[in-house]
There are 2 protein chains.
Amino acid sequence: MQIFSEETITSADKTFFQLRSDIVEGLIPSGSKLSETELSTKYAVSRAVVREAINRLASSHLVERKSNIGARVVALSADGLVQLYQVRESLEGMAARLAAANMTDDEIDELNQLLNRQFQEVKDGKSYYQEAGDLDFHYRIIVGSKNDHLISMLLNGIYHLVRMYRVQLGMAGPRVTTAFDEHKHIVQAISNRDQELAEMLMRRHILYSKNNIEKKLSSISTERKA
Amino acid sequence: MQIFSEETITSADKTFFQLRSDIVEGLIPSGSKLSETELSTKYAVSRAVVREAINRLASSHLVERKSNIGARVVALSADGLVQLYQVRESLEGMAARLAAANMTDDEIDELNQLLNRQFQEVKDGKSYYQEAGDLDFHYRIIVGSKNDHLISMLLNGIYHLVRMYRVQLGMAGPRVTTAFDEHKHIVQAISNRDQELAEMLMRRHILYSKNNIEKKLSSISTERKA
DNA sequence: CCAAACCAAAGTGTCGACAATATAGTCGCA
DNA sequence: TGCGACTATATTGTCGACACTTTGGTTTGG
């Protein structure tokens, strides 16, 4: 596999991926400080590559850096979540619209097949559908937009933050089957090349998703008070 | 001035700003290669800071970097312009909508005053309105959205690319007065807290702007053929 | 006892040198 | 002559050391 290797992977790349994963998964807690020297010993690389990795994380909005002071993992907040989903709604809505215009028939076929496979899994009960499937679905539509800026902003920037919120708020919950139906309708709209509808359905889909995760977040903060 | 100094400015910062400016203004031609060693002697800093600056430029989509090969300034193209304005339309439309919801009355007042000043300048003929005023207008609305992700994506990412297209295509042309009217209507919508209208007018404003610049681009490419 | 200046420890910013990789030109061979 | 392997060169990737800034605690003067 991976016929086109292209682009060799540097040490800084690996450190960046590792760090990003550790942050998203919560191994490095949100709000904590990232010490360059400490991380360089931990990952057994020079401080320079850790620095580069941290800079990239800052570009992805996963950490905040202040000169001469250091970098901290972003703090999750209700307000941050709202802002994040505002832009996500707008950008992914746009992605769906462009996808309806620009995806090839083959790509749309594959999208349909993906959904069918997931439907089987859901029916067979062995469904931990959840993350993997959902991500794959959104991923294909984003890429299908064929707009490089959009793709980059979503995949390099926003998406890992979204995952970070989901993971750290423990989103293993419900909303599996209903999300599946929403996905199906979106793909139908794309199949029909109905740009308007695709955008609207995607925006709504993300809005529901926000409400769902927001509810979880408020229930947690009330738990804390109790 | 600058009461809150906050955030000391490092050598890498200065190099980044300098490089970005040189690229946007065309002093470093689009498509050309950026040699780390060469630039480090040119700007009299170490290769490390040039590297960091280039990495940031890559995050801003002003250069493209490939590992072990180097970085090139992005090439301007008709397709790239279309993609850029697609996301700009969506994001700034969203900014206008959020601004109508989130700007304070004072901020809206200042926006109105800005427009009045510009109107005077236009009337007095001394108007090279063009860039400065237009940028200031859009800037305030973007910031007025109060959405950090949106602000960052537009101001750090997209805007310099937009300017690069404008500068290098020689946009000193017309469309001054008409753009002014469009600005006025957008501010009116924001004043009325009409989110829907503000978004729609902004999207349309940017669409016109795209058509204008696109026309210029095609006229240049036909010139070349002749 | 408090406040301001000072000092020391820790961490980030910058640098020059070395290692690894890509590129272009040369040589040899069919 | 044309093609492929090899070598030399230039450029990027990585490293450890040094310079500067921040921070927290200590001392000193009121």
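Only a predicted model underlies this, so the values are computations on that prediction, with no experimental measurement involved. Both backbone and side-chain heavy atoms feed into the values below; hydrogens, waters and symmetry mates do not. Letters go in sequence order (proteins before strands), and every chain restarts at 1.
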Using a cut-off of 4.0 Å between protein heavy atoms and nucleotide atoms, how would you tag nucleotides 5-17 of chain C 5' to 3' with B, S and -?
------SBBBB-B

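- Taking every heavy atom of residues 14-21 of chain B and every atom of DNA chain D, no pair lies under 4.0 Å.
- Every residue two or more places apart in sequence or in another chain that forms a salt bridge (charged side-chain N to carboxylate O under 4.0 Å, His left out) with A:R193 is listed here: A:D105.
- By the salt bridge (charged side-chain N to carboxylate O under 4.0 Å, His left out) test, B:D148 pairs with no residue at all, sequence neighbours left out.
- The salt bridge (charged side-chain N to carboxylate O under 4.0 Å, His left out) check on B:E25 picks up B:R163, with sequence neighbours excluded.
- Listed by first and then second residue, the ring-ring contact (aromatic ring centres under 6.0 Å, His included) pairs involving residues 52-73 of chain A are A:H61-B:H149 (not counting sequence neighbours).
- The side chain to side chain donor-acceptor pair (under 3.5 Å) check on B:D13 picks up B:T10, B:R56, with sequence neighbours excluded.
- When the side chain to side chain contact (heavy atoms under 4.5 Å, CB included) test is applied to A:E92, the partners found at least two apart in sequence or on another chain are A:R88, A:H138, A:I142, A:L154, A:Y159, A:M202, A:I206.
- Checked against salt bridge (charged side-chain N to carboxylate O under 4.0 Å, His left out), B:K146 has the following partners two or more places apart in sequence or in another chain: B:E107.
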